[in-house]
Amino acid sequence: MLVTEPTLDQRFAEALGQLIGPDFPKTLGLAVSGGGDSMAMLALAHAWARVWGVQLSVATVDHGLRRESAKEAAMVARECATLGHPHTTLHWEWDGKGNVQDQARRARLHLLSEWCDGFDHVLMGHTADDVAETFLIRLARGSGVDGLSAMAPRRTVTGFEIIRPCLEMTRAELRHYVDTLHVPYVDDPSNEDPKFERVKARQLLPKLADLGLAAHHIRDTAQRLSRASNALRARASEVADRIAREDAQGVVQFDRAGFQAVEQETQMRLLAAACMWVSVAEYRPRAASLESLLDRLLAGGSGTLLGAKAETSANVIFVFREFQATQGQLAMSEDAVNTWDQRWEITGFGVDGTHVQALGDEVKAIENWREFGLPRAALMALPAIWSGEDLICAPTLGHGRGWQARIAAGFRSYLEIH
């Protein structure tokens with residue numbers, strides 16, 4: 001009996017059924033750049049939506065980095081008009097600061113979160129080739145299990161959930177699909193510029209395929225590493241429940257004996273999460289830096305990383321905010337909630353001329369500071385309310401009244417970050 005391979009449309013429908021179904025939402029968002037992969041996703045989604053009665057809403061982010069980008073967004077808009085789907089062009093202008101690719105990625109997610117009001121899912125056209133390219137890039141950087149793991153088919157970000165239904169498809173398959181259907185698309189010339197890491201990885205893939213390392217083989221390996229990563233995160237979370245404590249002063253405390261008794265991979269995950277929590281870092285520290293700090297702590301020493309400081313006592317390993325990294329200062333207003341040092345929510349009555357800054361050396365004004373059992377350096381980095389040079393309140397230490405300080409996100413939430 002002849003067995004036929006499922007069509008791309010069937011594979012797309014199956015992927016969405018696994019990722020969203022069976023109760024499909026009324027409206028799905030699509031992020032479509034105009035490239036071959038995303039235009040193929042648009043065509044696949046159009047055919048699927050007609051069967052299931054789902055409405056599609058399409059957005060194109062025009063980063064304004066190339067003269068052709070406005071024309072490309074207009075091309076997507078015309079195709080959406082032909083297919084009968086609403087389209088919105090979202091505009092961004094780079095301020096020239098930071099890494100342009102990283103800033104563009106952040107801006108894209110921010111613009112999409114503002115755009116997708118009224119629906120919760122946004123489809124993106126990442127492919128097996130994207131997974132393979134990312135794997136090679138991170139392998140060159142010396143990444144571990146988390147970094148080498150495949151991008152998740154579902155990922156929750158601020159304001160919506162990213163759905164990637166094309167991760168099991170190759171770029172060649174999607175290009176063949178749009179070419180067969182005569183769907184318009186554009187090729188970004190930067191995709192051929194070897195100064196970019198991703199382009200170098202893309203150009204390397206055909207050579208690796210000759211050795212038996214085709215994109216889908218690398219993708220499969222990345223997916224297996226994702227399973228391992230999930231297991232390791234679960235292990236770290238279980239250990240954290242036993243040996244970690246976060247307190248009202250925003251300090252993580254690890255039972256030293258319990259910390260030293262677990263395997264190094266779990267130690268590194270716990271330490272990375274603690275450093276990220278106290279410094280509100282978005283990305284994990286590089287493995288080499290993390291390993292160096294871990295070695296110092298296991299030897300009874302101390303060190304800093306990501307704006308966090310770690311110290312070892314006889315029974316406890318402390319991780320807290322580094323005082324030198326606390327440069328934030330806010331004016332207080334009546335009944336306002338202010339965010340200080342990106343992590344503290346400060347609520348107070350508000351008195352003209354008051355502001356928030358780190359407690360610093362004025363910790364000496366709090367007679368019972370030793371009773372908290374924390375390093376003096378940890379208390380110096382806590383938020384305090386000031387009037388000029390006069391200390392008014394240190395809310396987390398019970399000094400003064402009228403203000404409160406709390407951290408919204410818990411330490412354990414950072415154990416989930418790759």
Side-chain angles (χ1 to χ4, degrees), residues 144-146 155-158 229-287 289-291 293-294 296-298 302-313 315-323 325-326 328 339-347 358-359 372-383 394-397 404-418:
V145 172
D146 289 340
R155 177 192 169 203
T156 299
V157 296
T158 302
S229 177
N230 290 336
L232 291 169
R233 284 203 300 276
R235 165 64 174 166
S237 182
E238 179 269 326
V239 171
D241 289 340
R242 291 190 286 107
I243 71 166
R245 179 168 71 90
E246 58 182 82
D247 53 42
Q249 289 73 38
V251 178
V252 179
Q253 300 185 39
F254 296 118
D255 174 75
R256 185 176 177 182
F259 186 87
Q260 291 179 324
V262 299
E263 57 283 347
Q264 184 177 355
E265 176 66 25
T266 299
Q267 292 172 340
M268 290 182 63
R269 286 173 179 271
L270 293 172
L271 182 57
C275 290
M276 293 173 68
W277 182 60
V278 302
S279 60
V280 199
E282 183 177 357
Y283 300 111
R284 286 187 64 178
R286 292 291 179 91
S289 300
L290 188 61
E291 289 166 350
L293 176 59
L294 177 62
R296 292 197 295 273
L297 294 177
L298 293 177
S302 63
T304 59
L305 185 63
L306 293 180
K309 186 168 185 178
E311 288 187 4
T312 305
S313 70
N315 300 311
V316 179
I317 295 174
F318 299 97
V319 183
F320 50 89
R321 186 66 160 140
E322 184 184 10
F323 172 66
T326 59
T339 301
W340 181 80
D341 197 27
Q342 301 182 74
R343 67 193 298 242
W344 290 100
E345 291 182 355
I346 312 294
T347 308
L359 179 59
F372 290 91
L374 297 172
R376 187 175 187 275
L379 304 184
M380 291 174 64
L382 292 177
T396 64
L397 301 179
Q404 294 181 333
R406 62 181 292 271
I407 297 175
F411 153 67
R412 281 167 180 77
S413 65
Y414 280 80
L415 289 170
E416 297 300 316
I417 299 177
H418 280 235

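On a predicted model such as this, the values are computed, not experimentally measured, just so you know.
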Does any part of the side chain of Q253, heavy atoms only, come nearer than 4.5 Å to the side chain of L374, both counted from C-beta? yes
Nearest heavy-atom approach of A409 to W277 is O-NE1, 2.8 Å
The side chain to side chain donor-acceptor pair (under 3.5 Å) partners of R376 (sequence neighbours excluded) come to none
d(L415 CG, L232 CG) to nearest 0.5 Å is 12.0 Å
Closest non-hydrogen atoms of A394 and L359, given as atom of the first, atom of the second and distance, are CB-CD1, 4.5 Å
Note to self: Check whether R321 reaches the backbone of D341 with its side chain - one donor and one acceptor, N or O, closer than 3.5 Å.
What the structure shows: no
The reported gap from CG in L298 to CG in L293 (rounded to nearest 0.5 angstrom) is 9.5 Å
**Request:** Inspect the surroundings of CD in Q404 and state if more than 12 heavy atoms from other residues, nucleotides or ligands are less than 6.0 Å away.
**Result:** no
Any donor-acceptor N or O pair under 3.5 Å, side chains R233, S237: no
Quiz item: With a cut-off of 6.0 Å (strictly less than), are more than 12 heavy atoms of other residues, nucleotides or ligands near CD of Q264?
Solution: no
Between I317 and F259 the two heavy atoms that sit nearest each other are CD1-CD2, 3.6 Å
What one should report as the nearest heavy-atom pair of S302 and L297 is CA-CD2, 4.1 Å
Taken to the nearest 0.5 Å, the spacing of M276 CE from L271 CG works out to 11.5 Å
D255/R245 salt bridge by N-O under 4.0 Å criterion
no
When rounded to the nearest 0.5 Å, the distance separating CG of L382 from CZ of F323 is 11.0 Å
Note, W344 side chain near T396 side chain (heavy atom, < 4.5 Å): yes
Those residues at least two apart in sequence (or on a different chain) that pass side-chain contact (heavy atoms from CB on, under 4.5 Å) with E238 are R235, R242
Taken to the nearest 0.5 Å, the spacing of R296 CZ from E311 CD works out to 12.0 Å
Check: Do V239 and Q267 have side-chain heavy atoms sitting under 4.5 Å apart?
Finding: no
Any donor-acceptor N/O pair, E246 side chain to F411 backbone, under 3.5 Å
yes
Please check this pair: side chain of S279 against backbone of L306, looking for a donor-acceptor N/O pair closer than 3.5 Å. yes
Margin query: Looking at D241, I'd like to know if its CG atom is crowded, meaning that more than 12 non-hydrogen atoms belonging to other residues, nucleotides or ligands lie closer than 6.0 Å.
Written below: yes
Closest non-hydrogen atoms of A281 and Y414, given as atom of the first, atom of the second and distance, are O-CE2, 3.6 Å
Correct closest heavy-atom pair for V278 and A308 would be CG2-CB, 3.2 Å
Q: Would you check if F320 and L379 make a side-chain contact, meaning some heavy-atom pair closer than 4.5 Å?
A: no
Distance col, row I243:CD1 vs R256:CZ, nearest 0.5 angstrom, shows 13.0 Å
